[in-house]
Amino acid sequence: MPELPEVETIRRSLEPELLGRRIASATVHHGHVTGGLGARAFQAALGGRTITRLWRRGKYLVFDLARNAGLERHLICHLRMTGRLRYLRPGARWTEAPRHTHATLRLEGGGRLIFHDVRKFGRLTLAAPGELAGLLPAGRDPVVDGLAAADLERALRARRGGLKALLLRQDLLCGLGNIYADEALHRAGLHPARTADSLQAAELARLTAGIMAVLSEALAFRGTTLLDYRSGDGERGGFAEYLRVYGRAGRPCRACGSAVVAMRAAGRTTAFCPRCQPG
DNA sequence: TGATTCCTGTCC
DNA sequence: GGACAGGAATCA
């Protein structure tokens with residue numbers, strides 16, 4: 001499941017290949033990924049445009065596309081659970097099943113950008129500059145914007161519900177998903193069901209530090225590959241073996257050795273250590 | 001605020 | 001052969 005570190009790793013792997021390149025043609029093989037926009041409209045909107053910038057907000061990737069002067073558009077990509085973006089250099093083979101390959105951008109001078117998604121939850125969206133803000137998450141991105149304890153305090157202030165549910169809300173903070181929310185709470189020593197208004201200043205500081213630490217470490221290892229995730233050049237992430245609680249229910253906590261426990265929070269499986277993260 | 005929906009591969 | 005995985009939109 002690509003979360004902030006995975007999407008940022010994809011961005012970094014694609015940027016040197018795509019920046020300044022012009023799209024020769026765009027093909028949509030399965031229309032549901034473009035949210036109803038037909039293959040013809042997609043091709044018309046993208047063909048001949050130059051990729052001028054590739055940036056990220058939360059789990060969203062945004063391609064800035066220019067054609068002539070001032071006629072800018074944006075291609076917004078969300079990979080959801082199993083989506084992949086892969087750049088293939090000229091002549092490189094794509095061996096994945098065609099039924100899961102949903103869109104292809106061919107670049108002038110050769111090379112292809114492929115959108116692949118087994119589960120078909122991922123989306124490619126076209127937007128005009130004025131529409132962008134409404135399509136991207138409103139919350140603070142810890143890596144792009146930075147995150148201080150005061151920022152987290154503002155984001156969580158007066159919010160009801162448990163910390164796990166709050167950390168998953170992209171309108172408060174964007175980029176955390178199930179893996180890194182669990183890992184950040186473990187690093188902070190906070191139970192997933194603790195409420196925001198119960199946090200002492202020191203706990204808020206620990207949570208801030210936990211979020212920043214797990215994101216930067218995961219980024220340094222180019223993300224977490226459990227099953228599906230690959231970067232834009234097809235590489236696996238290396239952070240999975242450093243996860244402390246996520247996916248480790250019943251196994252020993254990496255910090256204290258107690259058995260990791262699974263619970264349900266905000267409709268998601270949530271792993272925590274009952275000793276490191278007391279209720 | 002919580003349940004439901006979208007999807008398909010994987011695992012028991 | 002059925003439960004489960006889950007991000008975010010949608011709805012009760």
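Within every chain, numbering begins at 1; the chains are lettered A, B, ... in the order of the sequence lines, protein sequences first and strands thereafter.
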Under the side-chain contact (heavy atoms from CB on, under 4.5 Å) criterion, do Leu113(A) and Phe63(A) qualify, and how do the steps go?
CA-CA 12 Å; Leu113(A) 180 67; Phe63(A) 298 76; 3.8 Å; yes

Separation of dG7(C) atom P from Leu167(A) atom CG, nearest Å, is 13 Å

Count I, L, V, M, F, W, Y as connected when their side-chain heavy atoms are under 4.5 Å apart, and connections chain through other members. Are Val28(A) and Phe121(A) then in the same cluster?
no

Given atom CD of Glu6(A) and atom P of dG7(C), what is their separation to the nearest angstrom?
11 Å

In terms of side-chain geometry, is the basic nitrogen of Arg86(A) or Glu96(A) positioned less than 4.0 Å from the acidic oxygen of its partner?
no

For atom CG of Asp182(A) and atom C1' of dA5(C), their distance in whole Å
14 Å

At under 4.0 Å between heavy atoms, how does the protein contact nucleotides 7-12 of chain B? Give one character per nucleotide, 5' to 3', with B, S or -.
BBS---

Check whether the side chains of Thr269(A) and Arg264(A) place a donor and an acceptor atom closer than 3.5 Å, and report yes or no.
yes

Would the His32(A) and His102(A) ring centres measure less than 6.0 Å apart?
yes

Please tell me whether Glu183(A) and Tyr242(A) have a donor and an acceptor in their side chains that are separated by less than 3.5 angstrom.
no

As a quick check of understanding, evaluate side-chain contact (heavy atoms from CB on, under 4.5 Å) for Phe272(A) and Leu190(A), giving each step before the final call.
CA-CA 9 Å; Phe272(A) 70 102; Leu190(A) 295 171; over 6 Å; no

Is any side-chain N or O of Arg264(A) closer than 4.0 Å to OP1 or OP2 of dC4(C)?
no

Considering every strand and a 4.0 Å limit on heavy-atom distances, what is the contact class for Tyr246(A): base, sugar-phosphate, or nothing?
sugar-phosphate

Do Arg57(A) and Asp145(A) sit within salt-bridge range, that is, some charged N less than 4.0 Å from a carboxylate O?
yes

For a quick check of understanding: with a heavy-atom distance under 4.0 Å over all strands, which category does Met81(A) fall into, base, sugar-phosphate or nothing?
base

Using 30° and 60° as the class limits, which term best fits the ring planes of His78(A) and Tyr60(A): parallel, tilted or perpendicular?
perpendicular

Pick base, sugar-phosphate or nothing for Thr269(A), based on heavy-atom distances below 4.0 Å to the nucleic acid.
sugar-phosphate

Tell me yes or no: between the side chains of Thr224(A) and Tyr180(A), is some donor less than 3.5 Å from an acceptor?
yes

Axis deviation across the helix from dT1(B)-dA12(C) to dC12(B)-dG1(C), five-pair ends, to the nearest 10°
50°

Look for any protein N or O under 3.5 Å of an N or O in nucleotides 8-12 of chain C and output each such pair with its distance, or none.
{"unit_1": "dA8(C)", "atom_1": "OP1", "unit_2": "His78(A)", "atom_2": "NE2", "d": "2.8"}
{"unit_1": "dA8(C)", "atom_1": "OP2", "unit_2": "Lys59(A)", "atom_2": "NZ", "d": "3.1"}
{"unit_1": "dA8(C)", "atom_1": "OP2", "unit_2": "Gln170(A)", "atom_2": "NE2", "d": "3.4"}

How about Asp117(A) and His100(A): does a side-chain donor come under 3.5 Å of a side-chain acceptor?
no

